[in-house]
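Let me begin by presenting the structure, written as structure tokens, before commenting on it.
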Amino acid sequence: MLVFAIEYRKAIDEISGDRTLKLRKFELSGEEWVIVKELCDVLKDATLFFSRATPNLVTVIPAMDHIDETLATNALNPRFQRLIQASLTIGKKTLNRYYNLTDDSEVYRIAMVLHPRHKLGYFKKAGWEDSWITAAKEIVADKFERAYVVKDDVSESFPDGKEMVCAIAIISCITDYSY
């Protein structure tokens with residue numbers, strides 16, 4: 001939307017500046033157009049990220065990390081006006097509030113750990129504390145043990161030790177190896 005507004009600025013200025021249309025209250029000043037351009041620059045990466053493919057559970061944490069880094073970096077960037085810097089700081093605080101809510105659900109960490117591209121390596125690259133990485137690994141291992149470890153009464157359904165192959169395959173998903 002901002003890209004569209006910048007691209008059609010001349011037409012928007014003409015329409016909003018026409019007294020007969022009574023849209024003058026929507027007319028942007030030169031300074032406001034600068035703000036629009038700066039916002040467009042800052043939000044461009046996030047917009048491209050979410051428009052390139054269908055977001056899914058495993059992309060939530062990397063997306064939040066990327067947006068957080070962009071907001072933090074640009075909030076300190078002197079090329080942006082103070083108004084933009086302050087807005088980015090508020091946006092970062094809001095994002096962090098939602099990020100913290102992911103701690104209330106194990107599915108985000110499980111999805112990341114089981115994803116072939118990420119596994120535990122993502123958390124290490126992102127600079128997560130060792131205790132958080134250990135917790136993520138333990139969550140997956142605990143969930144596996146509660147839901148998939150073969151019980152004595154059902155072991156007959158896996159002849160020739162295939163339950164062990166299944167267990168090894170799933171446990172290997174939580175190792176440090178990633179593609």
Side-chain angles (χ1 to χ4, degrees), residues 1-6 35-151 163-179:
M1 185 66 144
L2 291 175
V3 173
F4 178 87
I6 291 169
I35 292 170
V36 168
K37 174 68 172 110
E38 289 180 2
L39 281 173
C40 187
D41 292 344
V42 170
L43 300 175
K44 181 180 178 183
D45 285 343
T47 302
L48 290 174
F49 181 85
F50 286 109
S51 64
R52 73 169 190 237
T54 304
N56 58 45
L57 189 61
V58 79
T59 63
V60 171
I61 291 177
M64 290 179 122
D65 285 343
H66 179 72
I67 294 168
D68 183 67
E69 181 181 332
T70 300
L71 294 175
T73 302
N74 288 318
L76 301 173
N77 190 334
R79 97 174 171 92
F80 295 114
Q81 296 181 31
R82 285 187 179 176
L83 175 67
I84 297 295
Q85 291 175 330
S87 297
L88 295 172
T89 300
I90 292 168
K92 182 178 172 9
K93 287 180 183 177
T94 303
L95 177 70
N96 287 338
R97 192 172 70 235
Y98 287 104
Y99 200 148
N100 289 337
L101 292 174
T102 66
D103 289 342
D104 295 339
S105 177
E106 296 175 341
V107 295
Y108 295 103
R109 286 175 277 183
I110 291 171
M112 293 290 293
V113 170
L114 293 180
H115 192 278
R117 183 172 155 223
H118 298 303
K119 300 189 181 186
L120 293 173
Y122 176 84
F123 301 124
K124 291 177 182 177
K125 288 178 190 172
W128 282 39
E129 294 178 18
D130 288 340
S131 62
W132 294 351
I133 296 169
T134 301
K137 185 175 182 176
E138 288 172 357
I139 287 169
V140 174
D142 181 59
K143 183 63 82 176
F144 172 78
E145 287 177 20
R146 284 186 282 136
Y148 297 106
V149 169
V150 179
K151 310 287 190 263
E163 70 275 2
M164 182 57 78
V165 172
C166 178
I168 291 170
I170 293 175
I171 292 295
S172 71
C173 289
I174 62 173
T175 64
D176 295 336
Y177 179 76
S178 62
Y179 298 104

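Because the structure is a prediction, the values reported are computed rather than measured. Along the sequence shown, the residues carry numbers beginning at 1.
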Pairs where residues 88-104 contributes a residue and the test side chain to side chain donor-acceptor pair (under 3.5 Å) is met, not counting sequence neighbours
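Sorted pair list: Asp65-Tyr99, Asp68-Lys92.
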Between [atom1] on residue [X] and [atom2] on residue [Y], distance to nearest 0.5 Å:
| X | Y | atom1 | atom2 | value |
| --- | --- | --- | --- | --- |
| Glu138 | Glu145 | CD | CD | 10.5 Å |
| Gln81 | Glu38 | CD | CD | 4.5 Å |
| His118 | Lys125 | NE2 | NZ | 9.5 Å |
| His115 | Leu57 | NE2 | CG | 10.5 Å |

With sequence neighbours left out, what residues match [X] under side chain to side chain contact (heavy atoms under 4.5 Å, CB included)?
| X | result |
| --- | --- |
| Leu39 | Leu2, Ile35, Ile84 |
| Ser105 | Val107, Tyr108 |
| Val3 | Cys40 |

Sequence neighbours excluded, every pair satisfying salt bridge (Lys or Arg N to Asp or Glu O under 4.0 Å) that has a member inside residues 69-84
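Qualifying pairs, neighbours excluded: Asp41-Arg79.
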Where is the tightest heavy-atom contact between [X] and [Y], given as atom of each residue plus distance?
| X | Y | result |
| --- | --- | --- |
| Asn74 | Gln85 | O-CG, 4.1 Å |
| Leu120 | Lys137 | CD1-CD, 3.8 Å |
| Ala136 | Phe123 | CB-CE1, 4.1 Å |

Residues forming a ring-ring contact (aromatic ring centres under 6.0 Å, His included) with Phe80, sequence neighbours excluded
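Scan of Phe80 (ring-ring contact (aromatic ring centres under 6.0 Å, His included), adjacent residues dropped) gives none.
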Please tell me if the side chains of Met64 and Leu95 come closer than 4.5 Å, counting only heavy atoms from C-beta onward.
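Yes, side chains in contact.
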Any Val58 side-chain heavy atom under 4.5 Å of Met112 side chain:
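They are in contact (side-chain heavy atoms under 4.5 Å apart), so the answer is yes.
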How are the rings of Trp132 and Trp128 set relative to one another: parallel (under 30°), tilted (30 to 60°) or perpendicular (over 60°)?
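Rings of Trp132 and Trp128: perpendicular, as their planes differ by over 60°.
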